[in-house]
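Structure first, then comments.
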Number of protein chains: 2
Amino acid sequence: MSDVNSECRPTTDRMPGLTATLVFTLGTLGTVATDRFTRALDAFDLGLKPKHVALLVTLGAGAAASQQELAGRMGVAPSLVVSLTDHLEQLGAVQRVRDPQDRRRQVLTLTTVGRRLVERCEAAGRALDDELAAPLTPDQRAALAQALRLLADQVGLP
Amino acid sequence: MSDVNSECRPTTDRMPGLTATLVFTLGTLGTVATDRFTRALDAFDLGLKPKHVALLVTLGAGAAASQQELAGRMGVAPSLVVSLTDHLEQLGAVQRVRDPQDRRRQVLTLTTVGRRLVERCEAAGRALDDELAAPLTPDQRAALAQALRLLADQVGLP
DNA sequence: TATTGTTATACTCTATAACTATA
DNA sequence: TATAGTTATAGAGTATAACAATA
């Protein structure tokens, strides 16, 4: 059993400490990931932010949903769903349809334009993945993806 | 009436798409992780945010550094390092010492109090890890930790 | 003149609270 | 009266730009 990388340390003895922690490393890598994803979205020049994409993905993950339900699933305020939806509706990516059973509800649906948009984001994401996962072996990358998915499922993420 | 938008199919067919992507999953899990870490820090009641801890960790990772160097390593504005350092200095966790060679530079050093503080954060982090990694086997957890460390190293994170 | 740290200001993101229309 | 969505307002977090001290 070869020890995991315990060489190549700086001369100053540093304890692994927080950097060996999942929460800390996930947090820091997470901001790097969303920063890069944000820049990729900027290149689309559609005024999209990661939260817009998160809404599309959340919408695509389940059945069509009201804005309140979306807010609940995404863990954001209902007022934020309003502005995100405003923008996405302007782009033609989602549609607001009044629920005839309860005319207070706006049921959101993903349009063909929206699905194509998600596919563009997906392609951009795969390109970013290849940069990011460059130092990983295929096996390591697969194990990482599997573990992340398990964590995401556990915390109720799409 | 026949608004032919293309929801001939129910949108219940799953979209592995972006959710199978590292950037997207890292991003969403990253916000969950920092949210939880933020709440753990709140319990300390010291007014600490994850960025304060990131500064301590960055400082502990290398030799003592000037505020500009810290800003560079952390990828934040120098003015942010000022306010973070102000707070950490008030807590006695770091010390500002003028560099005699270049009296413009404020060299920051981690104090014993600061090191103890990092240890408390580390303990909190390990507790959060156990919750988060609950659905993972020990092997999966180790593989995840190793892969995340490789990614963190690649992007220059502590 | 250029650079370090600081201060002042502005911007982005998001939440809370007030409002409207339906129920 | 209570709830879905909207609008208005406020707060947190961070960056940019102006400023002071030192090089």
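From a predicted model like this one, the values you see are computed outputs, not experimental measurements. In what follows, chains carry the letters A, B, and so on, assigned in the order in which the sequence lines appear, proteins first and then strands, with residues in each chain numbered from 1. All heavy atoms count here, side chains included; hydrogens, waters and symmetry mates do not.
- Below 30°, between 30° and 60°, or above 60°: for B:His87 and B:His52 the angle between ring planes is between 30° and 60°, a tilted geometry.
- Judged purely by atom type and a 3.5 angstrom limit, A:Thr111 uses its side chain to pair as donor or acceptor with the backbone of A:Gly92.
- Ion pair A:Glu119/A:Arg115 not flagged as a salt bridge, since none of the NZ, NE, NH1 or NH2 atoms sits closer than 4.0 Å to an Asp/Glu carboxylate oxygen.
- If you check distances only, the side chain of A:Arg104 does reach the base of D:dT3 with a donor-acceptor pair under 3.5 Å.
- Side-chain contact between A:Thr85 and A:Val94 is present, with heavy atoms from C-beta onward closer than 4.5 Å.
- Close to C:dT12, at under 4.0 Å from its OP1 or OP2, lies no side-chain N or O of A:Lys49.
- Rounded to an integer number of Å, the gap from CG of A:Asp35 to P of C:dT12 is 16 Å.
- The phosphate of C:dA23 (OP1 or OP2) has no side-chain N or O of A:Gln101 nearer than 4.0 angstrom.
- Here A:Arg98 lies out of heavy-atom contact (under 4.0 Å) with every strand.
- Closest to the side chain of B:Val82, from the set C:dT6, C:dT4, D:dA4, is C:dT6.
- Contacts between residues 66-81 of chain A and DNA chain D, defined by a heavy-atom separation under 4.0 Å, are made by A:Ser66, A:Gln67, A:Gln68, A:Ser79.
- The distance between atom CZ of B:Arg105 and atom C1' of C:dA2, rounded to the nearest whole Å, is 15 Å.
- Straight-line distance from the CZ atom of A:Arg39 to the P atom of C:dT12: 18 Å, rounded to whole Å.
- A side-chain donor from one of B:Gln67 and B:Arg96 sits under 3.5 Å from a side-chain acceptor of the other.
- Checking the phosphate oxygens (OP1, OP2) of C:dT14, a side-chain nitrogen or oxygen of A:Lys51 falls inside 4.0 Å.
- Between B:Arg96 atom CZ and C:dG5 atom C1' the separation is 9 Å, expressed in whole Å.
- No more than 12 heavy atoms of other residues, nucleotides or ligands sit less than 6.0 Å from atom CZ of A:Arg103.
- No salt bridge links A:Arg36 with A:Asp129; every basic N to acidic carboxylate O contact stays at or beyond 4.0 Å.
- Between A:Asp102 atom CG and D:dG5 atom P the separation is 9 Å, expressed in whole Å.
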